[in-house]
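Below: the structure, in structure tokens.
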Amino acid sequence: MTEKPVLLFLHGVGGGDPEGQWRAALDEALTRSGYPSLDAVSVIAPRFAHALKEFDEPEPIPARTFKALSRDAAKLNRRDFERRLAAIEHRIGRQDQEHLINEAVANVVAPAHILVADAAVETRFFKQAANYLNSKQIRAQVLNRILAVVPESGKLVIVAHSLGSVIAADLLLRLPADVEVSAMVTIGSPLASGRFKLDDLHDALADPPSHLSWWVNFRNAWDPVAIRRGLSSVFPWMLDHAINTGYDPNPIAPHTASVYLKHSTVADTIGYAVFGSRFKEIAFVERGVEISLNEVESKTLLGLRYCHLIKNELSGDIRRRYLAALRSVQAQAVADVRTHNASIKRPIPSQIARLDFDYADSTSLLPEPTFNRSGTSKEEAVTLLTAVAVTNVIAPFEITISRDIEQAALEELASEMGLRRQFGSDVLEAGKRAQGILRYSQNLQWVKVGALVAGTAALVVGTGGLALAAAPGLAGAAVITSALASFGPGGMIGGLITAGALVGGGGLLVGSGGGTMVTGLAGDETSVDQFEGFLALQMAAVTLRQQHKIDNHPSVWQLLTEIETRVSRQHERLDEISDPKAPSVTALAKKRIIVKRALKYMSDNGLEPGDPEMAEPDSNPIERRGARFIPQFQRTK
């Protein structure tokens, strides 16, 4: 920020902090966080406590200078506001947070503490608050006194405490037209309370004002005025963030401005609003080291590279939305890898470290990853590209991308792996073939398949039964389970790990853990859509390997036969007793048809292990065409 904004502090009830304790507390915390003090900043802190008690001469309430936007303009403004707010949310999340109140303490100490505080603040707090809310003359007097000292133009940062936050919200639409509110930070706000309904303020602020960059409300876990509910219950477009300053024998203390402003997260947020980002001045403690990528890091780089390739093909509004999503996903992915690596005491590879940027600064450039795996085998490419194709790589955001753009991005990614570009197209075609084989949901999309697979994996992880064989480069099921414990089966990283493991050359284990997976797939916990999505992923990988003359591991066949056995047995057991059209019976009948179609395709195409008819003359009986034979996998008629 080249132009430092003016800081406007609006106090709460009482004497308006004549000792300036709020400023001393904030200066101390800013210095502790590495920011300058407020000495070089223009600070306005009007005192209006006396104006809350009575009015002198009648005054008109100042008119609103900011009107509601048109529908299209409001939609665009809301999107831009959310982009800025998400960046601030990410920044706040990076700070070290004090733990919230311990549950046992909260159940015993906090209620009694709050009751005492309520009784203490009731008289002086709510009397002055009621005057502002109920008397137009007092309201006009307070607003006019504040507006008299606010600059006519330029940038303004508003920090408002307690009743001052109510006044700040009221003031927001009455500022001079040339004033830009760079940030609004409210602390100890009672605005969410039912007692603080101010005319049509809630309706007037149904959308963020066009001159407001972002608004964060901090509420202390021990504050009796603010803790009951966040302001986002009233203004859903702004950000609530809970802090905990710890127990204080004085029940009023947690509500004071100085206690809030001493908190590192509050101070850091205000420091950023006033002074801008320190990211450009402070180098990374760890720039990254030149080491080979492990499976998690490789998947992260792969997913981000695919995102950028898609982004490069987009234009117009969808590009703007996709870029906003990508900035969030990339910042979070790098942060997640840093946290994960720290937990396993592994340094950050330079290829990942260079992708970090200051997400809170909307003007910072987004580093573009490179993914050069020229030695990638076709078998590994089946795993990597299929995993990318079925994963929503910008989760939790959902943006529909045309097939042509997906194909172009996958072709480019295949090329960067040293393969023919056609291999990328073949991945999408394999998905279409899989849907044609199963033939239940012809409109089942790749991203939907990925979400269904993640949901199924989450179910199995929850039961402790995930047993996935090693994809190339993985040490085994323990590695996958450990990674999913850090990232979860959803999101970009978790989704790629899950999908990659499911389509990896080793397929699925069907031992004790695999049995749990089979049981989960056959049970009521897994919907027909989830079931079909899981099998569609398997069949896509099967047909892609078949097309490129890559052996399919026999465990895929065994998995499908195990599923068929379990589904058939469950269907027969329930069908004899339950109502004929019972949902569980109907679902099992559909699952039975789906898995039979998958097995029929494999059998018809010579992909059934141990088929003597498919053996080459004079060949070793353990080497079979189309699959590696394992004696225990015998064909059943």
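The first residue in the sequence is number 1, and the count goes up from there.
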Kindly assign one of parallel, tilted or perpendicular to the pair [X] and [Y], based on the angle between their ring planes and the thresholds 30° and 60°.
X: F48; Y: H11; result: parallel
X: W237; Y: F81; result: perpendicular
X: Y260; Y: H255; result: perpendicular

Output, in order, the C-alpha distance, side-chain angles, deciding distance and verdict of side chain to side chain contact (heavy atoms under 4.5 Å, CB included) for Y322 and I401.
CA-CA 10 Å; Y322 196 91; I401 303 300; 3.9 Å; yes

Euclidean distance, [Y] [atom2] relative to [X] [atom1], rounded to 0.5 Å:
X: W22; Y: H161; atom1: CH2; atom2: NE2; answer: 12.5 Å
X: T186; Y: N217; atom1: OG1; atom2: CG; answer: 3.5 Å
X: D248; Y: T256; atom1: CG; atom2: OG1; answer: 8.0 Å
X: I405; Y: S315; atom1: CD1; atom2: OG; answer: 7.5 Å
X: L10; Y: M184; atom1: CG; atom2: CE; answer: 9.0 Å
X: M492; Y: L496; atom1: CE; atom2: CG; answer: 6.0 Å

Carboxylate-amine/guanidinium contact [X] [Y], below 4.0 Å:
X: E28; Y: R32; result: yes
X: D268; Y: R91; result: yes
X: R319; Y: E313; result: no
X: R321; Y: D317; result: yes

Under a 4.5 Å cut-off applied to non-hydrogen side-chain atoms, are [X] and [Y] in contact?
X: Q141; Y: Y132; answer: no
X: P190; Y: V166; answer: yes
X: L175; Y: L147; answer: yes
X: I399; Y: I318; answer: yes
X: I243; Y: R219; answer: no
X: I88; Y: Y272; answer: yes
X: I92; Y: V216; answer: yes
X: E89; Y: H241; answer: no

Is it true that the side chains of [X] and [Y] contain a donor and an acceptor less than 3.5 Å apart?
X: Q330; Y: D356; answer: no
X: S37; Y: D39; answer: yes
X: R327; Y: S364; answer: yes
X: S210; Y: N77; answer: no

Provide the closest heavy-atom pair for L326 versus C307 in the form atom of the first, atom of the second, distance.
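Nearest pair, atom of L326 first, then C307: CD1-CB, 3.5 Å.
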
A169 versus L201, closest heavy-atom pair with distance:
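Here A169 and L201 meet closest at O-CD1, 3.6 Å.
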
Should F235 and L191 be marked as a side chain to side chain contact (heavy atoms under 4.5 Å, CB included) after you check the CA-CA gap, both sets of side-chain angles, and the distance that decides it?
CA-CA 10 Å; F235 309 113; L191 256 174; 4.1 Å; yes

Selection residues 174-189 - residue pairs positive for salt bridge (charged side-chain N to carboxylate O under 4.0 Å, His left out), sequence neighbours left out
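Listed by first then second residue: D170-R174.
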
Just checking H211 against F66, ring centres under 6.0 Å apart?
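Yes, close enough.
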
Applying side chain to side chain contact (heavy atoms under 4.5 Å, CB included) to L143 and I61, what does each step give before you reach the verdict?
CA-CA 7 Å; L143 289 172; I61 293 179; 4.2 Å; yes

Let me see the working for L8 and V157 under side chain to side chain contact (heavy atoms under 4.5 Å, CB included), right down to the final yes or no.
CA-CA 6 Å; L8 171 65; V157 169; over 6 Å; no

